[in-house]
Amino acid sequence: MRVRFAPSPTGALHIGGARTALYNWLVARHGGGTLVLRIEDTDRERSTPENVEQILDALRWLELDWGEGPVLQSERAQRHAEVLERLLADGHAYRSSATAEDVKAFKARHGAQRGFRGEPEAEGAVRLRVPEEGATVVRDLVRGETRFAHEHLDDPVIARADASVLYNFAVAVDDLDAGITHVIRGEDHLSNTPKQLLVLEALGARQPQYAHLPLLHGPDGKKLSKRHGAASVQELRDAGFLPEAVRNYLALLGWGDADDETIIPTEELVRRFDVARVSRNPARFELDKLRWMNGRYMRELAVDDLAARLEAHTGRESLGPIAAIAQEKIQTLADFWPLAGPLVDGPVDDAAARERWLREEGREALAAAREALAELEGFSVESIDAALRRVVESRAAKPKQVFQPLRVAIAGTTVSPGIFESLAVLGREEALARIDGALAGAPA
RNA sequence: GCCGCUAUCGUCUAGGGGACUAGGACGCCGCCCUCUCACGGCGGAAACCGGGGUUCGAAUCCCCGUAGCGGUACCA
C-alpha cells in the first residue's frame with residue numbers, strides 16, 4: 001500500500017491540509033504502507049522555498065513522518081513532457097487553440113451541458129480527448145460510485161501552449177509513477193478525478209483507489225480562512241495546543257467509529273482508523289472541543305514533560321515547580337503564563353483586586369497570616385495549609401477572607417494557582433517580602 | 001447557468017429497515033465539591049431539512065423539492 005500527501009506550497013499548512021496529511025498517515029501506518037510526500041509546485045508564482053519549508057515544519061510539529069520525498073513536481077517536467085508526447089502521438093490528446101470564449105460559443109450552440117470538443121490543430125494548448133459515449137465512474141472508498149457522463153465533460157486542457165503541463169495531468173502521471181495505490185484527498189478534487197482517470201486510461205494504467213474527504217469549514221459554516229483564526233498549523237502551535245491533541249481532534253473531525261471514546265491516543269487511532277468510515281458531510285472546525293481535549297492531554301502529561309513544553313513555549317527556564325501547581329488549571333500552554341507568571345515575575349498591578357481585598361479587614365487578615373507564616377516550622381504545602389486554616393479559625397472568618405488577601409498580596413490579582421501551593425513554591429522569604437510589600441501599600 | 005457531492009442536538013458524531021423513549025462527546029444550564037480559577041462528580045434542555053413513495057414497519061431504501069458545499073482556468 002502506498003499513499004501520498006501532495007500539498008501545493010501556497011502558504012502555511014491549513015487545518016484541512018493537516019487533516020488530509022493525518023488521514024493519509026493513519027492509513028499508511030494502519031496498513032503497513034508507505035506515505036509519499038509530494039510538493040505540487042508547478043505554479044511557480046506561489047511556490048517558494050519558504051512556503052515549502054513551512055509545510056515541512058508543520059508536518060514535523062504534528063509528528064507526521066513520511067517514508068519518501070519530498071519529491072517536487074516541478075522536477076519531473078522531463079517525464080511529464082515525455083508522457084505528453086506519447087499521448088499526442090497516439091491520438092489520445094491533440095493541440096487546440098480554442099480559447100475560453102470558443103468553449104462558451106460551443107456550449108451556446110450545443111447546450112450548456114454539452115462538453116466541449118475541439119478540432120486538432122498544429123499549435124495551441126494540449127487537450128485530452130474524452131470519449132463521446134459512456135461515462136467515467138469514480139469508485140470512492142467513502143462515497144461509493146459517482147458517474148461522470150462523457151458527454152458532459154469538456155476535453156480538458158492538460159498542457160499549456162508552451163507545453164508546460166497542468167495539474168490534472170501532472171497528478172495522474174505522478175501518482176502512477178510513484179505507484180500510489182490509494183489517493184486520499186479533499187472532496188474539492190472529486191470533480192477532477194474523472195479527468196485524471198481519463199489520463200490514466202489513455203496510458204493504459206491501472207486506477208488507484210480513491211477516498212475523497214469532506215471539506216472543513218469555519219465555525220460560521222464558511223470555508224476555513226485566516227479570518228477564523230488558528231486556521232493554520234502554526235497558529236495552533238502558537239496558541240499553545242499539543243500536537244497529540246491536535247491529531248486526536250482532527251482525526252475525529254470527519255471520522256468516527258462505533259466506539260464512543262473521544263480521547264483516543266495516536267497509537268489507538270492507528271489501530272482503529274478506517275478510511276471507509278470517514279463521514280461524507282463537511283465538518284466545522286471549532287476551537288471549543290479542541291481546547292477541552294488539549295486540557296485533557298495536558299493533565300495527563302508527566303510534570304517534567306509539561307515543564308519542558310512550557311519552557312519551550314514561554315522561553316523561560318526552571319518552570320517545573322509552577323508547572324506542577326498550574327497543570328490542572330490550564331487548557332493550553334498559552335494559558336500558563338497569565339495564570340502563573342506573577343509567581344515568577346512578581347505581583348501584577350490589579351487595582352480592583354487591591355480595592356476589594358486589601359482594605360482594613362483584608363490587611364488585618366493578611367497581617368495575621370504573615371505572622372503565622374513567619375513563625376511556621378518548615379514551609380511545606382501541608383504546614384502552610386494547617387497554619388492558615390488556624391488563622392481562619394482564630395479570626396472566626398470565612399476561608400476566603402484570609403486567602404484572597406493573601407492571593408492578591410503574592411500574585412497581585414484574584415486568580416492564581418492554589419494559595420498553599422503558591423506560597424510553598426515562592427518560599428518563605430519571597431512570600432513574606434510580597435506580603436510586606438502589600439501591607440506597605442507598595443504598588444508592587 | 002452546467003456537472004457533481006452532502007443533509008441526525010448549536011458543534012463533532014453513533015445509527016446502515018424493527019433493539020430509537022434516537023446514544024456519546026464539546027458547548028450551554030442547574031446542583032455538588034471548593035481558597036480564586038479550574039479539575040472532578042451528578043442532573044437537565046437540545047436533533048432525524050420538507051414532501052411524496054416502497055414496506056406490516058423508515059433516521060435508515062427510492063424520487064422530488066429545498067439548502068449548503070465543490071468543480072466548471074492554457075490555477076493547484
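Per chain, numbering begins at 1; letters A, B, ... match sequence-line order.
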When you check the gap from the basic side-chain N to the acidic O, do A:Arg291 and A:Asp335 get nearer than 4.0 Å? yes

Whether A:Arg277 contacts B:U13 is assessed here as follows: a side-chain N or O lying under 4.0 Å from the phosphate OP1 or OP2. Is that the case? no

Answer yes or no: is there an ion pair linking A:Asp350 with A:Arg354, defined by an N-O contact shorter than 4.0 Å? no

Quantified in whole Å, what is the C1' atom distance between nucleotide B:A25 and nucleotide B:A67? 27 Å

Within the structure, does a side-chain N or O atom of A:Arg356 lie under 4.0 Å from either OP1 or OP2 of B:U36? no

Side-chain H-bond candidate by donor/acceptor type, A:Arg76 with A:Gln73, under 3.5 Å: no

Applying a 4.0 Å non-hydrogen cut-off, can you work out what A:Asn192 is touching in the nucleic acid: base, sugar-phosphate, or nothing? base

My understanding is that a pair needs two contacts under 3.5 Å, Watson-Crick or G-U wobble. By that rule, which nucleotide pairs with B:C48? none

Which value, in whole Å, describes the distance between the P atoms of nucleotides B:G50 and B:A7? 14 Å

If we take the C1' atom in both B:G71 and B:G24, what is their distance in whole Å? 36 Å

Can you tell me the pairing partner of B:A73 across any strand shown, Watson-Crick or G-U wobble, with both distances under 3.5 angstrom? none

Value in whole Å for how far the C1' atom of B:C9 lies from CZ of A:Arg284: 13 Å

P atoms of B:G57 and B:G18, separation to the nearest Å: 14 Å

Remember a base hit wins even if backbone is also touched, and classify A:Ile419 as base, sugar-phosphate or nothing at under 4.0 Å, heavy atoms. base

Quote, to the nearest angstrom, the C1' distance that separates B:G10 from B:G27. 8 Å

Taking the same atom, P, in B:C49 and in B:U55, what whole-Å distance lies between them? 23 Å

Once you apply a heavy-atom cut-off of 4.0 Å, does A:Ala161 come out as touching a base, just sugar-phosphate, or nothing? base

Any strand is fair game: report the nucleotide pairing with B:G43 by Watson-Crick or G-U wobble, both distances under 3.5 Å, or none. B:C29

Salt-bridge test for A:Arg271 and A:Glu268: reply yes if a basic N is under 4.0 Å from a carboxylate O, no otherwise. yes

Looking across every strand, which nucleic acid part, if any, lies under 4.0 Å from A:His212 by heavy atom: base, sugar-phosphate, or nothing? nothing

Any base atoms under 4.0 Å from A:Thr414, or only sugar-phosphate, or nothing? Heavy atoms, all strands. base

As a test of the definition: with a 90° window around 0 for syn, would you call B:C42 syn or anti? anti

Classify the nucleic acid contact of A:Pro214 as base, sugar-phosphate or nothing, counting any heavy atom under 4.0 Å across all strands shown. nothing

In terms of heavy-atom contacts, does CZ of A:Arg299 have more than 12 from other residues, nucleotides or ligands at under 6.0 Å? yes

Hey, is the side chain of A:Thr146 poking within less than 4.0 Å of OP1 or OP2 on B:G4, counting only N and O atoms? no

Tell me which nucleotide, if any, is Watson-Crick or G-U wobble paired with B:C56 when both distances must be under 3.5 Å. B:G18

How would you label the contact of A:Glu328 with the nucleic acid (heavy atoms, under 4.0 Å): base, sugar-phosphate, or nothing? base

With rounding to whole Å, what would you report as the distance between B:A59 and B:U8 at their P atoms? 15 Å

At under 4.0 Å between heavy atoms, what does A:Gly186 touch on the DNA or RNA strands: base, sugar-phosphate, or nothing? nothing

Steps toward side-chain hydrogen bond (donor to acceptor under 3.5 Å, both in side chains) verdict (A:Tyr94, A:Asp155): CA-CA 10 Å; A:Tyr94 61 95; A:Asp155 282 354; 2.6 Å; yes

Find the partner of B:C5: check Watson-Crick (N1-N3 plus N6-O4 or O6-N4) and G-U wobble (N1-O2, O6-N3) distances, both under 3.5 Å, and reply none if neither fits. B:G68

Across the strands shown, which category fits A:Ser8 at heavy-atom distances under 4.0 angstrom: base, sugar-phosphate, nothing? sugar-phosphate

Could you tell me how far B:G52 sits from B:U66 if I compare only their C1' atoms? Round to whole Å. 14 Å

